[in-house]
Number of protein chains: 2
Amino acid sequence: MITSTVENYLKALFLLDQDGEKEISTGELAKSLTVTPGSATSMIKTLAEAGLVEHRPHYGVRLTNRGRTLAVHVVRRHRIVELFLVEILGMDWSKVHEEAEQLEHVVSDEVIERMDVLLKRPAFDPHGDPIPGADGTLPNRSHCSLSKSNVGQQLSVARMNDQDTDFLQFAEKHGLMIGAKITIIEHNKLADSLTIKTSNDTVVLGLSAAANIEVCDA
Amino acid sequence: MITSTVENYLKALFLLDQDGEKEISTGELAKSLTVTPGSATSMIKTLAEAGLVEHRPHYGVRLTNRGRTLAVHVVRRHRIVELFLVEILGMDWSKVHEEAEQLEHVVSDEVIERMDVLLKRPAFDPHGDPIPGADGTLPNRSHCSLSKSNVGQQLSVARMNDQDTDFLQFAEKHGLMIGAKITIIEHNKLADSLTIKTSNDTVVLGLSAAANIEVCDA
DNA sequence: TTTATACTTTTGACTAATCAAAAGTAGGAG
DNA sequence: CTCCTACTTTTGATTAGTCAAAAGTATAAA
């Protein structure tokens, strides 16, 4: 039985390694789900028995094709729901993540399909994350991290890697929304900070915050 | 903790006795939830400990005010979601019940409020059931059962008491939608049947099916 | 008053998911 | 080669919900 707990484990594994190249450690998985390592181990065993992951004890775990397919569909549901909540219900982009976290486990394929049509088959969610197709394909855009961009570059905000409500509200307040045009004014290596000019503001970000913002050439 | 199981028990109790006048027996509750009587008994004990129902062993169970308030809110979520699925996503009224059955446990108050606004604060769901207000008030319309109406009366379909997909599809096919104008042609007491004229058809219904359709004067 | 019947409650067992804490393992430092 | 550290796995307990079947109770009929 694919319970919502199972879906959450699969989704976490997928998001920790989108390309399915590396093995994820039990601890990493446990931390991302905020459960104890012991809980993760026992669920990993269950998933392995169900053929959804491959487990090399003491080394790590990796999604099988079946597991990956299921995970991608959960992510698709999540992102379509998020965009729907923003576009159709007018909710704040900083709050829809939590809501979608619940809804992703219960909305039927028919509802997702109708939302998808209503939204005109969108490619990206409100945070700039790509929405997988019903067939499991992932559109990919080549982004680069704001923390690795150069001073003077004209950039466009493409994606937020941190879904935290407070972070997103902070970003929005300073004009850092998806699609916003920005310029890097200064990179202070000593202060570990980046000074950025947005349309309505000038912000100073630490590099770790900047690492969560992806940009592309404007 | 108010789990979705708890919500389902409370909702079932509410729907079995909207006015809160009578006690519901364990068996009746168990049947409406398709669980064994033993399961119902043990959940009733849990609910009683939580102050959500009053239980007189061997006689029956009744919602407390707190239990009733919670139940009404679940019903509100259910009905708003149903109407939303029909009106905004264009789903078939015969299928939205199942979907809402899942969603009612996870949609937040904010989402419900936004749906409610988008739907212009509707009073009735797609099956003609009244939608409780956010304050717990229930609009009530005086209907009467089709099975108790008289030959020759000009009637209007007001509400379906059976949410079964097949039944609703059957009803729709013969022009028995909410608001449809109908006339009773014949009541055959021997055959236990009612012959009804709708705008596009003439249907013969057994009295038990007719009992699930509520009507009001046209 | 006794008995039959229909219902309710109790009991014991099971599944899914969790945690805390004990036991075990991999791999590097001495 | 031994030991330390950091991690993973195992073990045992807990909670929520369920069922099947045994035991108990209310009520009406004989």
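Quantities reported herein were computed from a predicted structural model and do not represent experimental measurements. Within every chain, numbering begins at 1; the chains are lettered A, B, ... in the order of the sequence lines, protein sequences first and strands thereafter. Just so it is clear, the values below take in all heavy atoms, side chains as well, and ignore hydrogens, waters and symmetry mates.
The nearest whole Å value for the distance from the CD1 atom in Ile44(B) to the C1' atom in dT8(C) is 9 Å. Between the CD atom of Glu49(A) and the P atom of dT15(C) there is a distance of 13 Å, given to the nearest Å. In this structure, Arg56(B) atom CZ and dC7(C) atom P are separated by 18 Å, rounded to whole Å. Rounded to whole Å, atom P of dA16(D) lies 18 Å from atom NE2 of His105(B). For the pair Lys45(B) NZ and dT11(C) P, the interatomic distance rounds to 8 Å; values are reported in whole Å. For Leu10(A) and dA17(C), the CG to P distance is 11 Å, given to the nearest whole Å.
Between the side chains of Ser108(A) and Glu99(B), at least one donor N or O lies within less than 3.5 Å of an accepting N or O. With hydrogens and angles left out, the side-chain atoms of His78(B) and Asp129(B) include no donor and acceptor closer than 3.5 Å.
Each of Ser4(A) and Gly60(B) was assigned the nucleotide of DNA chain C with the nearest heavy atom; the assignment lying further toward the 5' end belongs to Gly60(B).
A donor-acceptor pair is defined here as one N or O able to donate and one able to accept, closer than 3.5 Å; such a pair exists between the side chain of Ser42(B) and the backbone of Ser39(B).
Summarising the geometry of Asp92(B) relative to Glu172(B), their closest heavy-atom pair is OD1-OE1, 3.7 Å, with the distance given to 0.1 Å.
Dashed line: the shortest gap from a side-chain N or O of Tyr9(A) to OP1 or OP2 of dA16(C) is not under 4.0 Å. Residue Ser39(B) places no side-chain N or O under 4.0 Å from the OP1 or OP2 atom of dT18(D). One finds no side-chain N or O of His55(A) lying less than 4.0 angstrom from the OP1 or OP2 phosphate oxygen of dT8(D). Considering only side-chain N and O atoms, Thr3(A) lies nowhere under 4.0 angstrom from the phosphate OP1 or OP2 of dA16(C). When the side-chain nitrogen and oxygen atoms of His58(A) are compared with OP1 and OP2 of dA6(D), none of them lie within a distance under 4.0 Å. For dG27(C), the OP1/OP2 oxygens have a side-chain nitrogen or oxygen of Tyr59(A) closer than 4.0 Å.
The neighbour count for Asp192(A) CG, taken as heavy atoms of other residues, nucleotides or ligands under 6.0 Å away, is above 12.
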**Report entry** Working for side-chain contact (heavy atoms from CB on, under 4.5 Å), residues His143(B) and Val215(B)
**Finding:** CA-CA 6 Å; His143(B) 296 154; Val215(B) 293; over 6 Å; no
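Within 4.0 Å of Met1(B), counting heavy atoms only, lies no atom of the nucleic acid at all.
A heavy-atom distance below 4.0 Å to DNA chain C is reached by these residues of residues 20-37 of chain B, ordered by number: Ser25(B), Thr26(B), Gly27(B), Pro37(B).
Note: Trp93(A) and His127(A) have parallel aromatic rings, judged against thresholds of 30 and 60 degrees for the angle between ring planes.
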